Asks: 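Before I ask anything, here is the structure I am working with.
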There are 2 protein chains.
Amino acid sequence: MSAPKLARVIDIHALKSACSSCSLREMCLPIGLSQDEIDKLDQMVYTRKRVKRGDSVYRSEEKFGSLYAVRSGFFKTTLVMEDGRDQVTGFHMAGDMLGMDGIGSDQHSCNAVALEDSEVCVIPYGRLEELSREVYVLQQHFHKVMSREIVREHGVMLLLGSMRAEERLAAFLLNLAQRFTSRGYSASEFNLRMTREEIGSFLGLKLETVSRTFSKFQEDGLIGVQQKNIRILDSEGLKSVLGRDPA
Amino acid sequence: MSAPKLARVIDIHALKSACSSCSLREMCLPIGLSQDEIDKLDQMVYTRKRVKRGDSVYRSEEKFGSLYAVRSGFFKTTLVMEDGRDQVTGFHMAGDMLGMDGIGSDQHSCNAVALEDSEVCVIPYGRLEELSREVYVLQQHFHKVMSREIVREHGVMLLLGSMRAEERLAAFLLNLAQRFTSRGYSASEFNLRMTREEIGSFLGLKLETVSRTFSKFQEDGLIGVQQKNIRILDSEGLKSVLGRDPA
DNA sequence: TGGAAATGTTGATGTGGATCAAACCTATTC
DNA sequence: GAATAGGTTTGATCCACATCAACATTTCCA
C-alpha cells in the first residue's frame, strides 16, 4: 500500500492554507473550528518539511522547539542506552503528533526517524501555546492528544509487562490494522514499513522470535505473510490469541 | 472497592490557602507566580480528599472530571486485562499528578489506588483549562507535567523492553531513591510501600524473581533488605548493574 | 490476643524466548 | 546482471526467568 505521497512542489500559498485544506484535519490538531479560528491555525503551521527515509526529524538531546504532525509517511521513535541497546517506543503515521517528549525538559528525549520518505508539518511550540490560549477547542484538542499519548504508552507497558510473544505480536498487528482503517486504508492488507528487528525492539522480542511467530500465525491461518506484506485472514482468530492460555 | 467517598468537611479557610502555603509548591503545579496568580490558583484547588489505603482515587472506565495532585501518601496506577492479569503502570508520591490519562477520552483508563493512607488535592479539570488560558506559567507548567509523564513512560518502556531482571530492579531502586531525595527524604534508606508482587507487576517480573534479586543484591553488598525496609549501601554499584554484561 | 490470611523467602524444576548458526531472499549498485 | 549488503527464515541449543512447592514471617482483625 503506497503512502499518501502528494507533496510535490508546494508553493508558499499552498502552505499558508495548510491546515484548512488538509485531509488529515480530523486526525491532527484542529477540529470544530470556526473559519476565523482555522485562519489563525493556518498561521501557526507555516512550514512543512520533507524527511527522507533514514533521516530524523529530531534526535535525543536536541533542543526542543517544535512539534511535528506527520503529514505523510511513517516514523519510529527510539531511545538508545549508553551500551548501544535501543528501544523503539512507537511507530507513527499520518495524523500522529511527534515531539511532545521535548516539552518537559526543553530538549528531546528520543529520536524520531523516518522509515520511508515522509513529510511533517512543523508546529512551533510557542505559537501553539499562544494560540491554544486564544482558541479553546485547540487547547482542548492539544491536551487530548497528549493524554492519548499517555494512554497509548500505558497500553505498551501492559503489552511489554504482561503478554507473551504471540500476544504481543497479535496486539501489534491488530493495532496497526485499526490505525490503517481509521485512516481509510485496508484493515486486512498492508505493508509493514519496519523491519523484524524494529518490531522486535518495540515488542521486547528478538527478530527471530518475531519471524517465527509470523510463521506460526501463517501456519494457523491467521495471517498471510510475504516479507513486508501482511494480510489479515482471521481477525477474530488473532483477537482470540490475546488473553489465551499458553496452550 | 468503595466509591469516592469524599473528603469529610475540611475547614474552608485552610483550603483556600492550599496552594499558596503548600510545601509541595515546586513539585506540583504552580511555580514562579505573582501573588495575584497564586490567588487565582487557590481558587482552583478547593477540595482535598483523603484516600484510605486500598481505596482508589478513580477507577478505569469512570468518567473523568478532575486531576489529582498527590499531597501525601503513596499510590499505584494499574491496568487490568479481561483475563484478570494486571499491570502496574506506575507508583506515585507527593507532588505527582494523577488522572491525566482521562483527558483524552473523558474517562479514566486506569485505576489509581492508595498504597497507604493518603491525601490528594482535587483539581477540577475545567477550572485548570480555564486558568491555564489566563496564567501563562500555569499553562506552561501543566504542559511540562504531561510531557514528563510521557517521558517517564518512555523510560519504563525501555526498562520493560530492553533490560534484564537485575537491571530492572536496580533501575527501580535508583529511581525511587532519586525521587525520595528530591522530596527531601533520605536517598539511602526508605520503606517500600508496595509488595513484591506489585514491584514485579510494574517491572514485568514475577514476585519470586523480585525477592531473589533483592537477596542477590544484598549478598553482593549493594543494598540491605529487611522486608519493606531498604538501605542503599552501594549506589555506584547499583548503577553499574545497569548496562552490565549478564556476567 | 490468637489465629488466619497476606506477604516474603528459598529451593527444585520447567520452558519460552534468546542465542548461535546457516541459508536464503530481495534490493541496490556499479 | 554479478556482486554485495541488508533483511528474513529456520534449526539446534541454551539460559534467564517462570512455575511449582514448602515454609517463614508479618499483618490484620475478630
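In this text the structure is predicted, and so the values were computed from the model without any measurement. Note that these values count all heavy atoms, side chains included, but never hydrogens, waters or copies made by symmetry. Below, chain A is the first sequence line, B the second, and so on; all start at residue 1.
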Asks: Applying salt bridge (Lys or Arg N to Asp or Glu O under 4.0 Å), run through A/Lys239 and A/Glu236 and close with a yes or a no.
Replies: CA-CA 5 Å; A/Lys239 278 175 201 147; A/Glu236 287 310 309; 3.2 Å; yes

Asks: Could you run down nucleotides 5-15 of chain D 5' to 3' and tag each one B, S or - for protein heavy-atom contact under 4.0 Å?
Replies: --SSBBBB---

Asks: In whole angstrom, what separates B/Glu198's CD from C/dG8's C1'?
Replies: 13 Å

Asks: To the nearest angstrom, how far is B/Lys52 atom NZ from D/dC29 atom P?
Replies: 11 Å

Asks: Between atom CZ in B/Phe217 and atom P in C/dT9, what is the gap in whole Å?
Replies: 14 Å

Asks: Rounded off to whole Å, could you give me the CZ-to-C1' distance for the A/Arg164 and D/dT19 pair?
Replies: 14 Å

Asks: If the plane angle is over 60° it's perpendicular, under 30° parallel, otherwise tilted; pick one for A/Tyr68 and A/His108.
Replies: tilted

Asks: Which part of the nucleic acid, if any, lies within contact of B/Gly200, taking any heavy atom under 4.0 Å across all strands shown: a base, the sugar-phosphate backbone alone, or nothing?
Replies: nothing

Asks: Would you call the rings of B/Phe180 and B/Tyr185 parallel, tilted or perpendicular, where under 30° means parallel and over 60° means perpendicular?
Replies: perpendicular

Asks: Please name the residue in the list B/Arg53, B/Glu198, B/His92 that meets the side chain to side chain contact (heavy atoms under 4.5 Å, CB included) test with B/Leu115.
Replies: B/Glu198

Asks: Nearest whole Å is fine: how far is C/dG17 P from A/Leu203 CG?
Replies: 12 Å

Asks: In a check of side chain to side chain contact (heavy atoms under 4.5 Å, CB included) between A/Cys110 and each of A/Asp86, A/Thr78, A/Val80, A/Thr77, which one passes?
Replies: A/Thr77

Asks: Supply the atom-to-atom distance A/Leu176 CG to A/Ile199 CD1, rounded to the nearest 0.5 angstrom.
Replies: 8.0 Å

Asks: In whole angstroms, how far is the P atom of D/dA16 from the CZ atom of B/Arg168?
Replies: 14 Å

Asks: Return the value, rounded to whole Å, for the distance between atom NZ of B/Lys216 and atom P of D/dA16.
Replies: 11 Å

Asks: Separation of A/Asn229 atom CG from C/dA27 atom P, in whole Å?
Replies: 12 Å

